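The first residue of the sequence shown is numbered 1, and numbering continues consecutively from there. Not measured: the values here are computed from a predicted model. Both ligands and their constituent atoms are indexed starting at 1 by order of listing.
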Amino acid sequence: MKEIFLKSQITIFIFDSGLGGITIYNYIKNIFFNTNIIYLLDNKYFPYGNKSKNFILQRLIKILKKISNSYNISLAILACNTASVSSLPQIKKYFNFPIIGVTPVINLAIQKTKNNVIGFLATNTTLKNSKIQKKINFLNKKYIIKTISSSKLVFLAEKKLLGYKIIIDEIKKIFLSWFTLKIFPDTIILGCTHFPLIINELKTIFPKNISFLDSKKNILLKLKKIINYNEIISSKKKNIVFYTKTNKFINKIKFFFLKKGFTIISKLKI
Ligand code: DGL
């Protein structure tokens with residue numbers, strides 16, 4: 001069922017633990033070219049990949065309550081696989097606006113693979129999630145699913161986005177166990193929104209012709225189900241960024257978002 005947006009001030013809320021959600025923002029920003037966008041990076045608790053499911057659910061409830069008290073949120077997008085698998089669908093019960101999220105595209109990988117060996121890169125919390133585990137165990141009967149979780153990779157992706165040089169060998173080390181595999185995955189699920197940021201680096205260390213599958217397209221499908229694009233009413237557009245901690249990268253982060261056209265960048269005390 002489509003929910004029609006009729007509020008005059010439409011605000012789309014995009015969430016990630018860090019900067020990975022920008023890969024989703026870049027993909028969908030044209031749909032929301034005339035609506036307010038709030039991007040929140042919860043850098044106080046970054047990375048989420050080593051937090052428990054319950055911690056993440058409670059934290060998201062707190063953040064969404066605070067934001068929706070001050071802004072008329074029309075839609076929240078969890079641009080973070082870890083946050084989505086940890087909090088959906090439970091979190092929907094707490095709010096009256098739609099909440100959607102990116103999740104690893106395991107089914108798509110099954111359709112794509114030809115050699116039946118699939119690589120699955122995600123955070124520890126995502127891979128440990130009981131629903132994801134169940135799915136992997138089930139699929140392991142027919143396919144070989146090789147999983148790797150690495151918060152190092154998440155940090156490297158953030159560093160690259162902020163303009164720091166990253167060393168390819170550091171990435172290679174993370175995948176050492178894959179280089180001894182008899183058959184290398186021909187399809188790799190990028191089950192974390194940070195990983196598309198380092199896709200070129202991954203391509204240089206892995207064999208050629210691998211399909212890398214991220215969650216961008218599946219969020220578009222979810223959006224299509226709830227939005228009637230013709231009904232999005234233009235408003236005086238504002239792009240706002242909230243961060244939750246001042247750290248040594250904060251000036252770089254601010255500069256990054258200013259360049260992207262965000263005009264208000266401020267700390268949310270939470
Ligand atoms: N970007 C997040 C994801 O998609 C995770 C990064 C983190 O560990 O905080 O899973």
Side-chain angles (χ1 to χ4, degrees), residues 13-28 38-60 62-64 76-88 91 99-106 108-109 119-133 135-136 147-162 166 170-171 174 188-199 201-202 212-220 222 241-245 247 249-250 253 256-257 268 270:
F13 179 69
I14 302 178
F15 173 85
D16 186 31
S17 56
L19 301 173
I22 222 66
T23 56
I24 303 298
Y25 167 78
N26 285 342
Y27 193 66
I28 60 171
I38 298 175
Y39 184 103
L40 186 142
L41 57 128
D42 191 14
N43 59 339
K44 190 169 176 183
Y45 290 102
F46 173 84
Y48 269 30
N50 57 17
K51 306 285 180 298
S52 73
K53 178 183 155 91
N54 195 44
F55 173 87
I56 294 171
L57 174 64
Q58 296 310 324
R59 178 76 181 155
L60 279 174
K62 200 169 166 188
I63 288 172
L64 283 170
I77 301 173
L78 306 181
C80 173
N81 292 263
T82 313
S84 303
V85 301
S86 302
S87 71
L88 288 170
I91 194 153
I99 304 174
I100 58 173
V102 290
T103 45
V105 287
I106 304 173
L108 186 62
F120 186 177
L121 311 183
T123 66
N124 194 34
T125 305
T126 298
L127 291 179
K128 267 188 2 215
N129 179 271
S130 56
K131 276 192 205 148
I132 300 273
Q133 275 291 322
K135 188 138 198 176
I136 293 175
T147 60
I148 286 189
S149 72
S150 167
S151 44
K152 179 92 195 259
L153 212 53
V154 175
F155 278 106
L156 288 173
E158 291 241 322
K159 274 178 89 177
K160 183 187 167 190
L161 194 67
L162 293 177
I166 58 169
E170 287 197 63
I171 299 182
I174 296 168
I188 295 179
I189 302 165
L190 301 179
C192 167
T193 51
H194 280 74
F195 297 160
L197 298 169
I198 45 164
I199 192 158
E201 286 75 7
L202 294 176
F212 290 93
L213 308 177
D214 61 43
S215 317
K216 287 197 305 263
K217 288 200 180 116
N218 89 359
I219 204 75
L220 206 57
K222 289 177 189 170
V241 174
F242 287 115
Y243 54 94
T244 51
K245 186 184 175 184
N247 60 16
F249 300 114
I250 208 62
I253 290 175
F256 171 81
F257 279 104
L268 186 75
I270 189 160

Counting only heavy atoms closer than 4.0 Å, does ligand 1 sit against the backbone of [X], its side chain, both, or neither?
X      : value
Ser17  : side chain
Asp16  : side chain
Thr193 : both

Heavy atom of Gly18 under 4.0 Å from ligand 1? no
Less than 4.0 Å is my threshold; does some heavy atom of Cys192 fall inside it relative to ligand 1? yes
Could you check [atom] against the protein and tell me its nearest heavy-atom contact, residue, atom and distance included?
atom                    : result
atom 7 (C) of ligand 1  : Tyr48 N, 3.3 Å
atom 2 (C) of ligand 1  : Cys80 SG, 3.3 Å
atom 10 (O) of ligand 1 : Thr82 OG1, 2.5 Å

Test applied, side-chain contact (heavy atoms from CB on, under 4.5 Å); reference residue, Ile99; option that passes from Ile77, Leu60, Leu88: Leu88
Audit row: Phe195, Phe212, ring pair (Phe, Tyr, Trp, His ring centres under 6.0 Å) steps and yes/no: CA-CA 10 Å; Phe195 297 160; Phe212 290 93; over 10 Å; no
Could you list which atoms of ligand 1 come closer than 4.0 Å to a heavy atom of Asn81? 3 (C), 4 (O), 10 (O)
Taking both backbone and side-chain atoms of [X], is any N or O found less than 3.5 Å from an N or O belonging to ligand 1?
X      : value
Thr123 : no
Gly49  : yes
Thr126 : no

[Y] versus [X], side-chain donor and acceptor atoms under 3.5 Å:
X      : Y     : answer
Thr103 : Ser84 : no
Thr244 : Asn43 : yes
Tyr48  : Asp42 : yes

Closest approach of Ser17 and Phe15, non-hydrogen atoms and distance? N-CE2, 4.0 Å
Test ring pair (Phe, Tyr, Trp, His ring centres under 6.0 Å) on Tyr39 and Phe257 and set out the steps. CA-CA 10 Å; Tyr39 184 103; Phe257 279 104; 5.3 Å; yes
Show the numbers, then the answer: is there a side-chain hydrogen bond (donor to acceptor under 3.5 Å, both in side chains) between Thr123 and Thr82? CA-CA 7 Å; Thr123 66; Thr82 313; 2.9 Å; yes
